[in-house]
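For reference, the structure is listed below as structure tokens.
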Protein chains: 4
Amino acid sequence: MGHKRMPREVRERHMLDAAVAAFARHGYQAASMDEIAEAAGVSKPLVYLYLKSKEELFMACVRREVGALVAAVRAGTRERGAPADQQLWNGLTAFFAHTAARPDGVTVLHRARTQGEPFAREVAAMRVEVATLVTSLLGQAARDAGCDSALAEREVSGLAHALVGAAESLAEWSNTQARTAPSSAPSARETAATLMNFCWSGLHNLLNGERWVPTSRVH
Amino acid sequence: MGHKRMPREVRERHMLDAAVAAFARHGYQAASMDEIAEAAGVSKPLVYLYLKSKEELFMACVRREVGALVAAVRAGTRERGAPADQQLWNGLTAFFAHTAARPDGVTVLHRARTQGEPFAREVAAMRVEVATLVTSLLGQAARDAGCDSALAEREVSGLAHALVGAAESLAEWSNTQARTAPSSAPSARETAATLMNFCWSGLHNLLNGERWVPTSRVH
Amino acid sequence: MGHKRMPREVRERHMLDAAVAAFARHGYQAASMDEIAEAAGVSKPLVYLYLKSKEELFMACVRREVGALVAAVRAGTRERGAPADQQLWNGLTAFFAHTAARPDGVTVLHRARTQGEPFAREVAAMRVEVATLVTSLLGQAARDAGCDSALAEREVSGLAHALVGAAESLAEWSNTQARTAPSSAPSARETAATLMNFCWSGLHNLLNGERWVPTSRVH
Amino acid sequence: MGHKRMPREVRERHMLDAAVAAFARHGYQAASMDEIAEAAGVSKPLVYLYLKSKEELFMACVRREVGALVAAVRAGTRERGAPADQQLWNGLTAFFAHTAARPDGVTVLHRARTQGEPFAREVAAMRVEVATLVTSLLGQAARDAGCDSALAEREVSGLAHALVGAAESLAEWSNTQARTAPSSAPSARETAATLMNFCWSGLHNLLNGERWVPTSRVH
DNA sequence: GATGAATGAGCGTTCATTCAT
DNA sequence: GATGAATGAACGCTCATTCAT
């Protein structure tokens with residue numbers, strides 16, 4: 001087998017790559033350590049030597065993918081001075097591009113949310129980080145628009161979650177499109193625009209204190 | 001073990017209840033038949049006698065929860081003659097109320113999407129059913145608002161997915177809130193209003209042909 | 001289901017018929033009580049009420065088939081006054097005819113030989129009974145032929161087992177032929193004649209004290 | 001458990017030994033993998049690691065025992081130039097000696113015949129191989145004796161089966177004798193002589209066209 | 001007399017994990 | 001440093017068997 005001497009760091013990256021692929025394809029429980037070791041081209045005890053246990057291996061995957069995703073989005077919004085909507089659009093574009101480029105990584109994050117407290121917490125923390133980013137953009141947008149009506153904290157949190165959920169759902173949908181009809185699949189930019197179209201004016205209205213209200217009570 | 005005699009139908013319902021709870025908590029793979037049988041207050045062979053296998057048991061759970069969710073949403077939108085936005089709001093309210101009332105059932109549906117073709121198909125069919133409902137409401141809303149510009153089919157599909165993702169994400173968030181701070185958790189109505197605020201004017205604008213466009217290209 | 005009231009004796013016969021068929025097809029271990037009860041058209045507890053347990057049910061099958069086989073062979077050799085070879089041939093013919101008529105019963109006896117002491121003993125007892133019959137015929141044949149050299153008891157026993165083994169093997173072979181090429185399958189009479197041809201002159205020579213001996217020692 | 005390290009080949013042989021013993025004693029279905037693993041002095045997973053499944057384990061046993069039996073008989077008949085009857089006797093002697101030396105192996109082959117197509121086929125192939133050997137000896141014997149009347153193919157097949165059945169039955173009987181009265185049990189040579197006495201002159205007569213015929217029809 | 005409802009016990013199989021070399 | 005050899009624990013599933021009606 002691969003007897004090639006390699007620095008630990010490289011070997012470890014190979015293991016994580018193999019693990020991410022396996023966890024994405026089969027899920028945490030169904031992916032087997034045998035499979036991962038073989039795909040990484042190393043023996044099983046080495047995997048245990050470097051990564052301790054299946055749980056820690058999964059956690060390492062999750063953390064690496066969380067880092068990569070956050071970095072991508074952050075890089076997208078780094079352009080200070082641009083208007084808030086532009087920055088949000090840049091961030092969404094970066095998100096969708098990352099999602100298309102590393103589907104397995106995103107899938108792992110998705111799966112991690114249903115694999116018990118510690119993993120779910122890691123992903124939740126990421127969501128909070130992203131939501132905070134979005135929130136600050138919204139705040140700047142409010143200032144840009146000259147409106148000062150602040151939204152309740154809880155409402156902002158809800159909106160952020162709605163936006164993140166919408167983005168994730170769209171990402172998954174567009175990946176499915178790319179797999180089934182690659183020629184006509186939407187680009188990251190188009191997907192981002194769709195989402196902006198969907199929500200921006202709603203947010204904008206909210207920030208201006210204009211709300212949708214039911215016209216009549218039913219129950 | 002407690003061998004109380006019960007008619008088959010009742011026992012089967014108990015088993016499904018226990019199974020939904022177990023699958024929601026641990027996921028399909030990690031939930032064990034032993035655990036489910038014990039939670040249902042019966043012995044394992046009886047579970048197999050009635051529900052054939054773990055796979056069929058999971059499928060039975062999925063189908064039951066799909067039925068319950070669709071029925072709830074349908075009942076919410078049954079009020080003919082009301083304006084489209086009102087109907088959509090009613091449907092969303094029903095959805096969030098159902099989600100709050102049967103969190104395990106909704107979690108099972110969520111998990112089913114990553115457990116292989118047959119389960120994913122069942123949930124996908126449900127999504128299509130709901131999306132169709134929403135789409136028809138949007139069409140009516142467009143007519144109500146006197147705007148006739150039809151959206152491209154692919155764009156509608158994207159919007160539906162975004163809306164569903166946002167709704168699911170909000171449902172989960174609101175459930176989390178209810179668990180961690182029950183006193184101040186948002187009601188189904190409030191959550192539905194948040195989502196309406198988030199997206200309704202965006203949809204309205206789109207239907208009127210007003211689109212958000214990036215003001216300058218970055219990359 | 002078959003709610004028809006039937007006398008116990010008849011019900012029991014149905015159960016034994018179903019059990020013989022099942023044991024013949026799948027073997028003792030693999031045949032299931034569910035299957036047998038269903039094939040017999042009764043509920044499982046009734047099978048237990050009448051036949052106590054799987055082991056006793058199997059034993060009942062074995063005993064019934066042993067009785068049937070022995071009765072058939074005895075009936076074949078009942079013709080007193082005929083020459084011994086003729087009687088032996090009659091017995092063999094009756095054996096092969098029975099074997100062809102009740103293949104499942106014979107298969108059960110075959111299987112019983114490898115299912116533990118009590119069953120094997122029952123079949124062994126049958127073999128002894130048949131071997132005794134054969135032995136007496138051989139004795140008569142010796143007297144008919146006017147030769148008085150008695151064979152050692154152990155040798156007679158060996159010859160009887162050889163003959164029984166040969167007969168069983170031929171029966172199985174001819175049943176296989178009947179299944180795969182029914183048109184050209186040998187009749188019971190032909191099979192009996194083949195076996196007589198094969199062994200009669202050897203027995204005859206032995207009874208006359210003529211033996212085959214190795215011409216040179218090898219080891 | 002005792003975890004003595006051993007090369008795979010050796011461990012595998014131990015497992016096969018234990019499996020042959022277990023399958024011989026209890027049959028394929030009733031023998032348990034737990035029992036086999038324990039008898040082999042290893043844990044169950046190791047048995048699965050090396051031999052894949054119960055079915056493959058049984059198949060491996062069957063193949064090993066088929067090979068050993070065929071090799072023994074072949075070695076017995078290797079003496080070219082000896083007269084055919086002598087060679088046949090040598091082969092039978094080798095067969096009975098093998099049967100006495102490896103009773104479990106032979107029992108496994110016997111049981112394999114009733115355990116479904118693939119196992120039965122393996123044993124059937126062995127029987128064909130042996131029958132071919134015997135047939136060629138008979139042909140040579142016919143030439144040696146100067147008689148040229150060929151037997152019908154089907155008749156030869158029948159005789160071969162009768163001989164094989166007689167040999168198996170004798171082998172089993174002689175093993176039983178050895179178990180119950182070891183001091184006076186017949187040797188392989190004696191048993192082979194008994195079988196030769198039983199059948200050789202019958203075969204000889206047949207080859208000379210002399211047949212036994214019933215003197216009067218009974219039924 | 002006959003049965004639907006129920007279970008204890010065990011089996012084949014797999015997997016994460018660790019020694020001994 | 002890297003691995004072949006080995007295992008404890010658990011899981012999905014089935015079966016013979018028995019109550020309670």
Side-chain angles (χ1 to χ4, degrees), chain A residues 1-6 8 11 29-37 42-57, chain B residues 1-8 10-12 29-37 41-55 57, chain C residues 1-8 11 29-37 41-50 52-57, chain D residues 1-8 10-12 29-37 41-57:
Chain A
M1 202 169 268
H3 246 263
K4 310 217 194 91
R5 287 301 188 114
M6 307 177 64
R8 168 165 182 154
R11 272 259 200 271
Q29 314 267 353
S32 85
M33 295 298 272
D34 280 281
E35 172 194 5
I36 292 170
V42 300
S43 71
K44 228 179 343 170
L46 196 59
V47 178
Y48 278 88
L49 186 64
Y50 284 1
L51 287 133
K52 300 280 196 186
S53 74
K54 195 186 191 185
E55 219 169 316
E56 292 201 23
L57 171 57
Chain B
M1 194 171 269
H3 15 157
K4 304 239 193 74
R5 289 301 197 87
M6 304 179 58
R8 173 171 179 151
V10 178
R11 270 278 193 255
E12 222 169 298
Q29 315 258 5
S32 86
M33 293 298 271
D34 276 287
E35 171 194 8
I36 292 170
V42 297
S43 69
K44 226 184 340 173
L46 200 59
V47 179
Y48 279 90
L49 187 63
Y50 286 175
L51 288 130
K52 307 287 185 190
S53 74
K54 195 184 192 185
E55 215 169 318
L57 171 57
Chain C
M1 199 170 267
H3 246 264
K4 312 217 194 92
R5 289 302 189 108
M6 306 177 65
R8 168 165 182 156
R11 272 258 200 271
Q29 314 267 355
S32 86
M33 295 298 273
D34 280 280
E35 173 193 6
I36 291 171
V42 299
S43 72
K44 228 181 340 172
L46 196 59
V47 178
Y48 278 88
L49 185 65
Y50 285 1
K52 301 280 194 184
S53 77
K54 195 187 191 184
E55 217 169 317
E56 291 200 25
L57 170 58
Chain D
M1 193 171 269
H3 28 148
K4 304 240 194 74
R5 288 300 197 91
M6 305 178 59
R8 171 170 180 151
V10 178
R11 270 277 193 257
E12 221 169 301
Q29 316 258 4
S32 88
M33 294 297 272
D34 275 286
E35 171 195 7
I36 291 171
V42 298
S43 70
K44 231 184 336 173
L46 199 59
V47 178
Y48 279 89
L49 187 63
Y50 285 177
L51 287 131
K52 307 286 185 191
S53 75
K54 195 184 192 185
E55 215 169 320
E56 289 200 26
L57 171 56

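This structure is a prediction, so every number in the text was calculated from the model and none was measured. In what follows, chains carry the letters A, B, and so on, assigned in the order in which the sequence lines appear, proteins first and then strands, with residues in each chain numbered from 1.
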Under 4.0 angstrom, heavy atoms only, what part of the nucleic acid is A:A31 near: base, sugar-phosphate, or nothing?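 Touches sugar-phosphate only.
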Phosphate OP1/OP2 of F:dA5: any D:R11 side-chain N/O under 4.0 Å: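 No.
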Would you mind telling me which residue lines up with the more 5' stretch of DNA chain E, B:Y50 or A:Q29, judged by nearest nucleotide?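 On the 5' side of the pair lies B:Y50.
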D:P45 or B:P7: which one's nearest nucleotide on DNA chain E is closer to the 5' end?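 In this pair, the answer is B:P7.
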Which pair of heavy atoms, one from [X] and one from [Y], lies closest together, and at what distance?
X	Y	value
D:E56	D:L51	CB-O, 3.4 Å
B:L49	B:R8	O-NH2, 4.4 Å
D:A31	D:E35	CA-OE1, 3.7 Å
B:S43	B:A37	C-CB, 4.0 Å
A:Q29	A:K54	O-NZ, 3.2 Å

How long is the line joining [atom1] of [X] and [atom2] of [N], in whole Å?
X	N	atom1	atom2	answer
A:L57	E:dC15	CG	C1'	15 Å
C:K52	F:dT18	NZ	C1'	13 Å
D:M6	E:dA20	CE	C1'	15 Å
D:D34	F:dA9	CG	P	14 Å
B:L49	F:dC13	CG	P	14 Å
B:E35	F:dA10	CD	P	13 Å
D:K54	E:dC11	NZ	P	9 Å

Could one point to a donor on the side chain of A:K44 or the base of E:dT17 with an acceptor on the other under 3.5 Å away?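 Flag set: donor-acceptor pair detected.
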Tell me which of D:L46 and C:M33 sits closer to the 5' end of DNA chain F, going by the nucleotide each one is nearest to.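 Residue closer to the 5' terminus by nearest nucleotide: D:L46.
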Considering heavy-atom distances to DNA chain F, does B:Y48 or D:R8 have its closest nucleotide positioned more toward the 5' end?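 Checking each residue's closest nucleotide, the 5'-ward one belongs to D:R8.
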Who is the Watson-Crick or G-U wobble partner of E:dT21, with both distances under 3.5 Å?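 With both distances under 3.5 Å, E:dT21 matches F:dA2.
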Complementary nucleotide of F:dA9, counting Watson-Crick and G-U pairs under 3.5 Å: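 Matched F:dA9 with E:dT14 under the 3.5 Å cut-off.
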